[in-house]
Amino acid sequence: MPFTEFHFHPSISSGIKAMGYVMPTPIQREAIPHALLGKDVLGLAQTGTGKTAAFALPILERLLAGPKGRVRALVLAPTRELAEQIHVAFKGLGRGTHLRSAPVYGGVKMGGQLTALKGKAEIVVACPGRLLDHVGRRTADLSGVEVLVIDEADRMLDMGFLPDIRRILQKLPAERQTMFFSATMPDTIATLARECLRDPVTVSIDHLVPLTTVAHAVYPVGEHRKAALALELVRRIQGGSILVFTRTKMGAQRLSSRLRSSGETCAEMQGDLSQNERTEALEGFRRGTYRVLVATDIAARGLDISDITHVINYDMPDTVDAYTHRIGRTGRVAKTGDAFTLVTGKDEAMIREIERFMGRLIERRKIDGFDYGATIDAHERPRRAQATAPAPAVLPPKSSGWSQRRWRFKR
Ligand code: AMP
């Protein structure tokens, strides 16, 4: 069934065409007819399924009629990057309409947002915290909101936005259409969904299964050789763009600087960076200026980069859901991708949990020619030397000419 069967207004059909969409994705096929009728929608779908257009297109269609110059659709998203992406999707799909979208998030000046909120946009895509700042200053009038979208609800709750969301809900007209999207549905999310939806239609797209277009592999390795193995993996991947996940900001910094010093073009995305740095990293990665992006989970949430060929879990995700989300960054919309996970002894239990969930074993791989047995990775040495390792058994004479980098410690 092609998009034409939804009978969108020609100004919207031209946007769909310009975006290069021909066939709707399953979530779009399921959700759009209900959303066009004004029904509330509960969508169980992970990113990469096309869920943005599933809510954006019916919103654009609805807003074509009716008043302009006031906020009539509000989309809540957990991160600035996701808000920006949704805003860009609205702009792309709505390019043939006169409807305007504005992103509203923290970390940037309020000025432009003020103009948008005061009558220059019909659609606002916001992160909860900054939107509430505006509400508190009375610079956002949400009384005309006809459609609310809560996107990546599970992520928003993980990030502690539940009280903010409840406060925003109080500012919205009770009479409205609400669309609620989440990749998972734990009890807290189900409760929130019940609070804000009325008689919703549920659409569910493989919501808990890591994308089948992704090939999964696990690389067992000793903790001290992880960085070297990650470098080797990246080096052996021909072409493509690679997203690497670390658990901590510090981990992202250290790994990306190692990748850079080994000659890779590499950017990082972690919470300590300014908005400008994050945007530069993301854009550079999108354009291909950087082949590798090293990111923490929070920074990478909701990223829509269509050509990621490899996701490498440098650190094991904490939960099966987190694994699903990370892997959802590759293999998006009918593309294929690889998901590699570095596994140390302490990660075995989590890998088994992921395998149980996927209903199959994940292939264990070894890299031929990689020195798994090296006692300690040179770059790790100074930090670990202090923390755990005893003094080296034999020190080289100062004049020996040995490179410090080649030193190995006995453990
Ligand atoms: P989303 O899950 O909304 O983040 O979308 C993931 C990616 O799929 C984005 O790059 C969209 O532009 C793309 N996309 C969405 N719908 C379609 C479609 N019907 N055909 C092709 N690509 C699509």
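Counting convention: from 1, in listed order, for ligands and their atoms alike.
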Taking atom 5 (O) of ligand 1 as the point of reference, which of Pro26, Ala45, Gly50 owns the nearest heavy atom? Gly50
Electrostatic pair Glu264-Arg260, nearest N-O below 4.0 angstrom: no
Is the positively charged end of Lys366 above the ring of Tyr219, judged by distance under 6.0 angstrom from the centroid and angle within 45° of the axis? no
Would you mind checking if Arg70 and Glu146 are paired as a salt bridge, meaning a charged N to carboxylate O distance below 4.0 Å? no
Got an N/O contact under 3.5 Å between Gly20 and ligand 1? no
Check each of Val292, Val234, Leu243, Ile237 against His310 using the side-chain contact (heavy atoms from CB on, under 4.5 Å) test, and report the only one that passes. Ile237
Note: ligand 1 atoms sitting under 4.0 Å from heavy atoms of Met23 are 18 (C), 19 (N), 20 (N)
Pick whichever of Tyr21, Phe3, Phe55, Phe181 has a heavy atom sitting closest to atom 14 (N) of ligand 1. Tyr21
Where ligand 1 meets Thr52 - atom numbers and elements under 4.0 angstrom, heavy-atom basis: 1 (P), 3 (O), 4 (O)
Quick one: does Val22 get an N or O within less than 3.5 Å of an N or O on ligand 1? no
Work out whether the distance between some heavy atom of Gln85 and some atom of ligand 1 is less than 4.0 Å. no
Should you measure from each heavy atom of Lys51, which atoms of ligand 1 turn up under 4.0 Å away? 1 (P), 2 (O), 3 (O)
Test: Arg247 and Asp297 ion pair at under 4.0 Å: no
Please determine whether side-chain hydrogen bond (donor to acceptor under 3.5 Å, both in side chains) holds for the pair Asn276 and Ser274, giving the CA-CA distance in whole Å, both sets of side-chain angles, and the decisive distance to 0.1 Å. CA-CA 5 Å; Asn276 279 349; Ser274 69; 5.4 Å; no
